[in-house]
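Some notes on the structure that comes next.
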Amino acid sequence: MDLFYQLISGFAVAFQPVNLFYCFLGCLIGTLVGVLPGLGPTAAMALLLPATFHVAPVTAIIMLAGIYYGAMYGGSTTSILVNIPGEAASVMTCLDGYQMARQGRAGAALGMSAFASFIAGTLGLVGLTLLAPPLAVFALKFGPPEYFSLMCMGMVVLSFLTGASMIHSLMMACFGIIIGTVGTDTVSGSTRFTFGLTELMDGVGLVPLVMGLFGISEIILNLEQNVDRDVFKAKVKGLLPTLEDWVQAKWALMRGTMIGFWLGILPGGGAVLSSFVAYAVEKRFSKQPERFGTGMIEGVAAPEAANNAAAQSAFIPLLTLGLPANVVMALLLGALILHGVTPGPLLLTKHPEIFWGVVASMYLGNAMLLVLNLPLIGLWVQLLRIPYPYLMPAVVLFCIVGSYSVANSITDVYLMLGFGIFGYLMKKLKFDSPPLVLAFVLGPLIEYYFKSSLMFSRGSFAVFFTRPISLVCLVITGVIFLSSIISALRRRSPGLLPK
Amino acid sequence: MVSALAITAEAGRLGFGTFGRPGPGFLPFLAGTCLSVLAGVGLIQTVVQKPAAAAGGGFHAADILRIGLVSAVLFIYVFLWDIIGFPASTFLLLLFLFRCVEPLRWRTVFVAAGLTLAFTYILFSVLLGARLPAGRLWTYFIS
């Protein structure tokens, strides 16, 4: 009953006109970002972060969250109509969605995608509502050693899951930690890696880093690729899936939701991985696996349900433990800290209006997205027809002015451009950026918890191994680390290790 | 690997402290050491790997030229903010991007650059209150 009253109080916050407006704005921008290939939700959120400094923290998070789950909805439109994923989590939707469009069933594919997103998103939110409060109570048992071990586990799992090479991902994570230490050390007051520049005394900003790595680098990468968009020409009609479509897709939708929900909670899981796993599972469960990729409605329902459920459940570790499960959540963690709010188990008791306000706004946002994505589909199709040469200069300018406007600092703009070129080179050399951003955001927290643990134990590392939760996290970290080494050795020399 | 070693050396200079009282260089030193080790492993892997497998994403001369040009223009553009101000430098940048990256007709270029500049200025300066640089050159002429 207590949960019900808290949720009602959350709706009271979410229904305030200003929050309702920002929720709609976030969903609208998210859909736009999802529809237009090239600028993902991470870059869009970083770009709009400065715009949220003038509003209350709850309003800011409502809008930023809206961009994230809105992009999950919008990404499928481009996948189905253009065969180019609007953003990474919609890659799998291309396979069957585009084939359905070619067979004259674009409307059914778009409709199923929107309904699957809505149903999975709402079920994911119910899970978030039920699971977050007990997890927050459990997290009260966590001290600095547990948090340190948990964050290490999060970084290693993310490194393990994101990139093709674990070494590359771990190198990026180490580099992220080092960038995170730039500036004045809060304990000793000494400056680190500032090269004598006063502009770096406060450290490297999150916005220039993310805008550079995800915005500018993507644009530079697009400069060497022709971004031709052959938009599906036929008129989109019949957006409501038929009864037969529903019968075919119902279990795919449910399985996708479950997979997305649980993978979304795991560090490194998130929307992208869940959509891949959901599609693979569906293909294995199907009686006609050979027909996947030819326009099966299950191939649209499962990945779309998974990525939307994951987008909602990823908020659980962020809001209850203060641990971001993916790079978007790391950005939200940074946004909360910039607004003076520390996410974690105390968020529920100290700032219930933020926790429940954001959760309630997500229920409303899901409903708004259904309206935005079905009746307004014609508008998004027209947007897809805007040529890339018109969009690119505007995106470059937005990245530059956006990173400047955070602190009115030209140094931030130079940093962003530098990170943009660095990000481009890393993409070309097959290094992934998400571990760097996650480590950058978690770096100062890891340092704080690591130092606190060692001071508390008078310099004994045993503190990390004698506390059960910390030990479990470290064992999982070790197992993942070892398994990646063994699999790398197996790939290199097949006869070296027994199966 | 060289960068990683330099970071480790700088972190060591900052002061490692003790395990009971870690200093400001403690975490950067650990991260730098890990980075050095991983870079070393990566280097060995690249040397041992067959050349075909070790090949990266591939850099083409024409792409490098175009990307280098755009990057240089962006740095010059930001440098010009302080001198000729945001509106003038942005208009020049937009002319370059609209015309040179994917050639469009001059009339389209001017209209698109003007509209994009107006939209960005209204959004960031008027609505969001960002203090966009006016440029020393104009203030010099005015005074």
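Keep in mind that what you see is a predicted model, and the values were worked out from it rather than measured. In what follows, chains are A, B, ... by sequence order, proteins preceding strands, each numbered from 1.
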Worksheet item: Quick check: does any side chain N or O of B:R131 sit under 3.5 Å from a backbone N or O of A:N408, one acting as donor and the other as acceptor?
Response: no

Of the backbone (N, CA, C, O) and the side chain (C-beta and beyond), which part of [X] lies under 4.5 Å from a heavy atom of chain A, both, or neither?
X      : value
B:S3   : neither
B:V70  : side chain
B:L94  : side chain
B:L132 : both
B:F26  : side chain
B:F79  : both

Of the non-hydrogen atoms in [X] and [Y], which two are nearest, and what is the gap between them?
X      : Y      : answer
B:L38  : A:I167 : O-CG2, 3.7 Å
A:M171 : B:L35  : O-CD1, 3.3 Å
B:F75  : A:G418 : CZ-N, 4.0 Å
B:P24  : A:R192 : O-NH1, 2.6 Å
A:G443 : B:L27  : O-CD2, 4.0 Å
B:S71  : A:I220 : OG-CD1, 4.3 Å

Pick one of side chain, backbone, both or neither for [X], based on which atoms fall under 4.5 Å of a heavy atom in chain B.
X      : result
A:I177 : side chain
A:T191 : backbone
A:I421 : side chain
A:M392 : side chain
A:Y414 : both

Worksheet, complete the sentence: Given B:A39, B:A112, B:G25, the one with more heavy-atom pairs under 4.5 angstrom with chain A than any other is B:A39

Fill in: Trace of the side chain to side chain contact (heavy atoms under 4.5 Å, CB included) decision for B:W81 with A:I400
CA-CA 12 Å; B:W81 273 17; A:I400 291 174; 3.6 Å; yes

Worksheet item: Taking atom CZ of A:F193 as the centre, does the number of heavy atoms from other residues, nucleotides or ligands within less than 6.0 Å exceed 12?
Response: yes

Practice prompt. Tell me, out of A:V413, A:V401, A:V396, who's got the most heavy-atom pairs with chain B below 4.5 Å.
Written response: A:V401

Discussion item. In terms of relative ring orientation, are A:F398 and B:F119 parallel, tilted or perpendicular, with 30° and 60° separating the classes?
Written reply: parallel

